J.: 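Below are the structure tokens for one structure; questions will follow.
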Amino acid sequence: MVFSSPVRLWLLPNAVLPVVLATWGAVRYPHLPGRIPKHIGGDGVDAWTDKSIGSAFVLVFLYAGVTVLMAGCAELTLRVTPRDELSNANAAPSAAAQVTSCLLNRPGSRVSARRIARALLLFNTCIGISFLAGCGILWRSTPDPNVPTWLFAAMVLPLLAGIAVTIAAAVSDRK
């Protein structure tokens, strides 16, 4: 198995979202206008680009890459030996200092490693939800520069929620 059991279950939404995004994009692509949004600023769409596979699916490709990165980080978090399983009681003082310095970025226990891995994958799901809202604007059938004001909240709130959960998991590990 490539991924451990705790990661596989939490990867499910992260595997479904890119498929949903790609399917929705493939259905919408033939109906897209010749110019699609390239950048959304505070006043709406402020840059346009010609329709192409790369420009239309940039958020899908980006999310797929972020998913691979986050899944790898979650898996590596579970594979690293936690602080509570490392013993430095019989080590020489200089070796103990080396061991202590390498413990800084390790999870405190297997339980906290699972919590951090789940938080990373939940954060990735939040990124996908945010990109889903962005694709709603990117894949409109008319080149309208006006963007609804709720879109900013729809894109930012999932990111903030994912960041908060990830930070909470990391902080609870340091107690």
Side-chain angles (χ1 to χ4, degrees), residues 1-28 36-47 49 54-84 103-140 146-175:
M1 280 293 151
V2 175
F3 294 107
S4 58
S5 178
V7 171
R8 282 194 304 259
L9 177 64
W10 285 82
L11 262 175
L12 186 60
N14 298 303
V16 169
L17 268 171
V19 172
V20 168
L21 284 171
T23 303
W24 182 27
V27 168
R28 294 293 310 138
I36 60 174
K38 180 178 181 179
H39 184 263
I40 301 170
D43 295 330
V45 178
D46 55 12
T49 188
S55 63
F57 288 89
V58 65
L59 292 178
V60 178
F61 298 147
L62 185 61
Y63 182 60
V66 169
T67 299
V68 169
L69 179 68
M70 294 293 245
C73 288
E75 181 64 26
L76 291 174
T77 299
L78 293 171
R79 289 183 184 218
V80 70
T81 304
R83 289 189 308 264
D84 67 352
L103 292 178
L104 294 178
N105 291 323
R106 291 179 181 272
S109 65
R110 293 280 173 203
V111 171
S112 66
R114 281 191 298 276
R115 183 174 41 248
I116 291 168
R118 286 191 304 260
L120 287 171
L121 294 174
L122 180 64
F123 180 35
N124 189 58
T125 302
C126 292
I127 292 170
I129 292 168
S130 177
F131 282 7
L132 195 62
C135 287
I137 295 300
L138 186 65
W139 295 334
R140 293 187 293 184
N146 297 321
V147 176
T149 54
W150 58 265
L151 178 69
F152 181 74
M155 291 184 75
V156 172
L157 289 177
L159 294 175
L160 292 176
I163 289 169
V165 168
T166 305
I167 289 173
V171 167
S172 70
D173 181 53
R174 298 297 174 209
K175 292 181 181 177

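Positions are given from 1, in the same order as the sequence printed here. Treat the numbers as computed from the prediction; the structure is a model and nothing was measured.
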J.: Please tell me if the side chains of L121 and N14 come closer than 4.5 Å, counting only heavy atoms from C-beta onward.
T.: yes
J.: Distance-only criterion, 3.5 Å: show the donor-acceptor pairs between side-chain atoms of residues 154-167 and protein atoms not counting sequence neighbours.
T.:
from, atom 1, to, atom 2, distance (Å)
T166, OG1, A119, O, 3.4
T166, OG1, G162, O, 2.8

J.: Quick one: list whatever passes side chain to side chain donor-acceptor pair (under 3.5 Å) with R140, sequence neighbours left out.
T.: none
J.: If the condition is side chain to side chain donor-acceptor pair (under 3.5 Å), which residues does T23 pass it with, not counting sequence neighbours?
T.: none
J.: Using a 6.0 Å cut-off, check whether atom CZ of F152 has over 12 heavy atoms from anything other than its own residue.
T.: no
J.: Where is the tightest heavy-atom contact between T81 and R110, given as atom of each residue plus distance?
T.: CA-NH2, 4.2 Å
J.: Given the rule in the side chain to side chain contact (heavy atoms under 4.5 Å, CB included) test, do L132 and W24 qualify, once you have shown the distances and angles that lead to the verdict?
T.: CA-CA 10 Å; L132 195 62; W24 182 27; 4.0 Å; yes
J.: For S112, what residues pass the side-chain contact (heavy atoms from CB on, under 4.5 Å) criterion, not counting sequence neighbours?
T.: P107, S109, R115, D173
J.: Could you report the tightest heavy-atom contact between V147 and G44, atom names first, then the distance?
T.: CG2-CA, 3.8 Å
J.: Within this structure, what is the CG-CG distance for the pair L11 and N124, rounded to the nearest 0.5 Å?
T.: 8.5 Å
J.: Please list, chain by chain and in numerical order, all residues satisfying side-chain contact (heavy atoms from CB on, under 4.5 Å) with P13, sequence neighbours excluded.
T.: T125
J.: Could you work out, with side-chain contact (heavy atoms from CB on, under 4.5 Å) as the rule, every residue matching V68, not counting sequence neighbours?
T.: none
J.: Between F57 and A26, which heavy-atom pair has the shortest distance, and what is it?
T.: CZ-N, 3.7 Å
J.: First locate atom CD1 of I40, then atom CG of L138, and finally report the distance between them rounded to the nearest 0.5 Å.
T.: 7.5 Å
J.: Could you work out, with salt bridge (charged side-chain N to carboxylate O under 4.0 Å, His left out) as the rule, every residue matching R28, not counting sequence neighbours?
T.: none
J.: Just verifying a value: how many Å separate I137 CD1 and L151 CG, rounded to the nearest 0.5 Å?
T.: 4.5 Å
J.: Please identify each residue that fulfils side chain to side chain donor-acceptor pair (under 3.5 Å) with S130, with sequence neighbours left out.
T.: none
J.: Would a distance-only check, ignoring hydrogens and angles, find a side-chain to backbone donor-acceptor pair under 3.5 Å from W139 to A56?
T.: yes
J.: F131 vs Y63 aromatic rings, parallel, tilted or perpendicular, using cut-offs 30° and 60°?
T.: perpendicular
J.: What distance separates L59 CG from I127 CD1, expressed to the nearest 0.5 Å?
T.: 12.0 Å
J.: Do you know which two heavy atoms are closest between H39 and D46, and how far apart they sit?
T.: ND1-OD1, 2.7 Å
